[in-house]
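Keep in mind that what you see is a predicted model, and the values were worked out from it rather than measured.
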Amino acid sequence: MIDRLAIFGATGDLAARYLLPALAALRAAGCLRDGFQLIGASREDWDSDQYRGWIADRLDRHGSFYPADARRAVAASAHYRQADVTNPVDVAAVVAGDDPIAAYLALPPALFPHVVTALYDAGLPTGSRIVLEKPFGEDLASARELNSLLAGLVPEQAVFRVDHFLAMTTVQNVLGSRLANRVLEPLWNSTHIAEVEIIWDETLALEGRAGYYDRVGALKDMVQNHLLQLLCLVAMEPPITLGERDLRDRKVDVLRSVRPLTDYDVAHRTRRARYLSGRIGDRAIPAYADEEGVDPRRHTETFAEVELELDSWRWSGTTFRLRSGKALGQDRKEVMVRFRSVPHLPFGHEGEVLPNVLRFGLEPEGLTLDMMGIGSRARAFTPLSLTARMEPPDLPAYGQLLLDVMRGDPALSIRGDEAEQAWRVLTPVLSAWERDLVSMQEYPAGSDGPAPRPHEGEQRPRSDLLHPEALPGDMS
């Protein structure tokens with residue numbers, strides 16, 4: 001187990017809100033040894049005492065529910081180095097030492113190639129690991145370039161392309177519920193499932209993240225990584241084991257099976273939008289274009305929706321809809337599996353019979369099955385819901401993520417070919433959106449999002465059956 005963690009970008013929001021509380025959780029759970037060292041690297045002209053004071057303050061804000069002695073231990077373990085993270089000399093000073101180190105790049109993805117190159121030039125102790133936050137690269141070409149750089153520095157098993165969604169117990173429950181229950185697995189295919197919606201709608205607006213978000217947008221920030229990972233867990237074939245090779249092989253199979261999107265598909269199966277001014281509860285939200293730090297000329301979307309189909313024996317004929325939006329009227333974070341309607345009902349019954357829906361609540365945790373049954377009145381159908389609540393996880397998602405890194409278990413990290421396949425899936429969308437083949441819709445902050453387009457809900461032709469001349473002249 002590695003006992004040294006270097007965080008590049010150690011004074012940023014990610015470190016303050018997630019990584020430091022995760023370390024406090026690990027310390028409280030007895031998962032960090034007494035010799036653990038935290039090395040923070042950032043641009044601020046601080047010394048170690050100032051950094052320890054900053055850590056204590058941030059843990060009071062974001063980790064106050066962890067024991068005080070665990071929080072003090074994390075702060076006491078810390079050292080600080082002012083560093084230009086692209087300078088090999090500065091980077092070498094951060095990772096200096098004979099013992100292996102985990103280098104966590106809590107930085108914008110545009111800096112990854114520069115920092116990885118600096119780490120290569122600086123040299124890493126044998127057995128070290130590199131951790132990269134999502135999104136991995138900025139497009140398919142940059143992901144391939146970054147993979148090539150990493151391959152020259154450390155073995156693939158030592159590269160942790162992390163997505164904290166995979167460390168959430170509620171996300172893992174999507175796969176666990178499938179595989180542990182015989183009543184589900186025989187039905188888990190297109191014969192019985194009409195569509196799957198993977199949704200991460202949130203009431204949070206920009207919240208001061210313009211420096212990052214305005215260069216990324218909802219599609220890259222959420223769909224390209226988090227929601228595609230959920231797609232993999234929903235649609236993958238049962239792995240032989242949950243070891244890193246078997247699990248990640250099956251995830252790659254799902255991404256490879258996604259039918260490539262044509263311009264026609266992107267125009268008819270994707271939506272993008274950004275929020276206008278409005279109110280969410282008692283908060284007045286300015287229009288996204290008026291938020292501090294936003295450049296309206298970038299046309300950054302705050303809402304993205306993509307419909308995908310899988311060319312596989314199990315899923316041919318099922319629609320997968322991935323959606324994420326900011327500044328919406330309510331939080332809705334779930335995987336919704338909608339089953340097909342029953343083929344026949346006895347005569348003489350009243351009431352509308354709705355399809356069964358299985359909902360995996362991601363935040364808050366939960367599991368609900370919507371069914372139909374006979375209610376208080378004979379021969380009259382009524383909706384029924386079976387609901388289960390999960391116990392809170394032993395560790396927060398970032399705590400489990402850091403523990404896997406330090407123990408060297410890459411099963412829940414993203415392999416290089418998987419990262420490239422994820423970009424392949426969405427490259428046609430990015431290209432078509434850049435060419436304005438899909439118009440930018442708008443929605444008031446606090447609403448349900450952009451209005452559906454007129455054609456939505458109609459039967460859509462399969463893109464692979466269309467001839468090029470069938471494409472509309474105006475794709476907007």
Side-chain angles (χ1 to χ4, degrees), residues 1-2 5 7 14 18-19 21-23 25-26 29 31-32 102-106 109 112 128-137 143 146-147 150 154-180 198 200 221-255 333 335 360 362-363 365 390-423:
M1 180 164 170
I2 286 180
L5 174 66
I7 301 178
L14 174 63
Y18 299 107
L19 299 183
L23 290 172
L26 290 174
C31 298
L32 293 183
Y104 199 118
L105 277 57
F112 288 173
S128 294
R129 292 157 200 156
I130 298 179
V131 189
L132 302 101
E133 269 285 337
K134 63 85 186 172
F136 182 77
L146 192 50
N147 276 336
L150 289 164
V154 293
E156 173 62 30
Q157 290 76 10
V159 180
F160 287 74
R161 303 168 188 83
V162 297
D163 186 331
H164 75 276
F165 268 44
L166 292 175
M168 296 168 62
T169 55
T170 51
V171 169
Q172 295 175 31
N173 188 50
V174 173
L175 183 60
S177 296
R178 279 184 55 191
L179 302 184
I198 301 173
W200 192 270
D221 185 50
M222 291 297 302
V223 179
Q224 190 274 337
N225 38 79
H226 295 326
L227 302 194
L228 282 181
Q229 287 299 310
L230 284 166
L231 169 66
C232 290
L233 295 184
V234 171
M236 69 193 299
E237 294 298 320
I240 298 171
T241 73
L242 292 182
E244 58 96 8
R245 176 64 185 269
D246 292 331
L247 181 63
R248 298 199 289 185
D249 279 354
R250 300 291 76 77
K251 288 164 62 185
V252 171
D253 288 345
V254 173
L255 295 173
K333 302 169 182 179
V335 175
F360 296 90
L362 304 176
E363 197 178 275
E365 302 91 343
M390 282 66 171
E391 292 294 323
D394 293 334
L395 290 173
Y398 270 97
Q400 185 61 57
L401 182 156
L402 289 175
L403 187 60
D404 287 346
V405 168
M406 290 185 285
R407 287 179 173 174
D409 181 359
L412 295 181
S413 70
I414 297 167
R415 203 168 60 194
D417 56 341
E418 183 182 351
E420 293 181 17
Q421 285 294 331
W423 280 115

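Across every non-hydrogen atom of Val159 and Ser413, the tightest pair is O-OG, 4.0 Å. Contact detail for Pro396 and Ala25: the closest heavy-atom pair is CD-CB, 3.6 Å. The shortest heavy-atom contact between Asp163 and Leu401 is C-CD1, 4.5 Å. The heavy-atom pair separating Glu156 from Ile414 by the smallest distance is OE2-O, 4.5 Å. Residues Arg248 and Arg415 come closest through the heavy atom pair NH1-N, 3.6 Å. Here the shortest heavy-atom pairing between Ala411 and Glu244 reads CA-CB, 3.6 Å.
Considering only residues two or more places apart in sequence or on other chains, Pro238 meets the side chain to side chain contact (heavy atoms under 4.5 Å, CB included) condition with Arg178, Leu179, Glu185, Arg314. With sequence neighbours excluded, the residues that form a ring-ring contact (aromatic ring centres under 6.0 Å, His included) with Phe165 are Trp200, His226. When the side chain to side chain contact (heavy atoms under 4.5 Å, CB included) test is applied to Tyr18, the partners found at least two apart in sequence or on another chain are Leu14, Tyr398. With sequence neighbours excluded, the residues that form a side chain to side chain contact (heavy atoms under 4.5 Å, CB included) with Ile240 are Asp246. Remark: Phe360 engages no residue in a ring-ring contact (aromatic ring centres under 6.0 Å, His included) (not counting sequence neighbours). Leu403 is linked by a side chain to side chain contact (heavy atoms under 4.5 Å, CB included) to Met1, Leu26, Cys31, Leu395, Gln400, Arg407, counting only residues two or more places apart in sequence or in another chain.
In this structure, a donor-acceptor pair under 3.5 Å is present between the side chains of Arg161 and Asn147.
Put simply, the side chain of Glu133 never gets that close to the backbone of Val162: no donor and acceptor are under 3.5 Å apart.
A distance of 15.5 Å separates CD of Glu237 from NZ of Lys251, quoted to the nearest 0.5 Å.
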Using the rule given for side-chain contact (heavy atoms from CB on, under 4.5 Å), can you reason through Leu230 versus Leu362, listing the C-alpha separation, both sets of side-chain angles and the distance that settles it, and then say yes or no? CA-CA 11 Å; Leu230 284 166; Leu362 304 176; 3.9 Å; yes
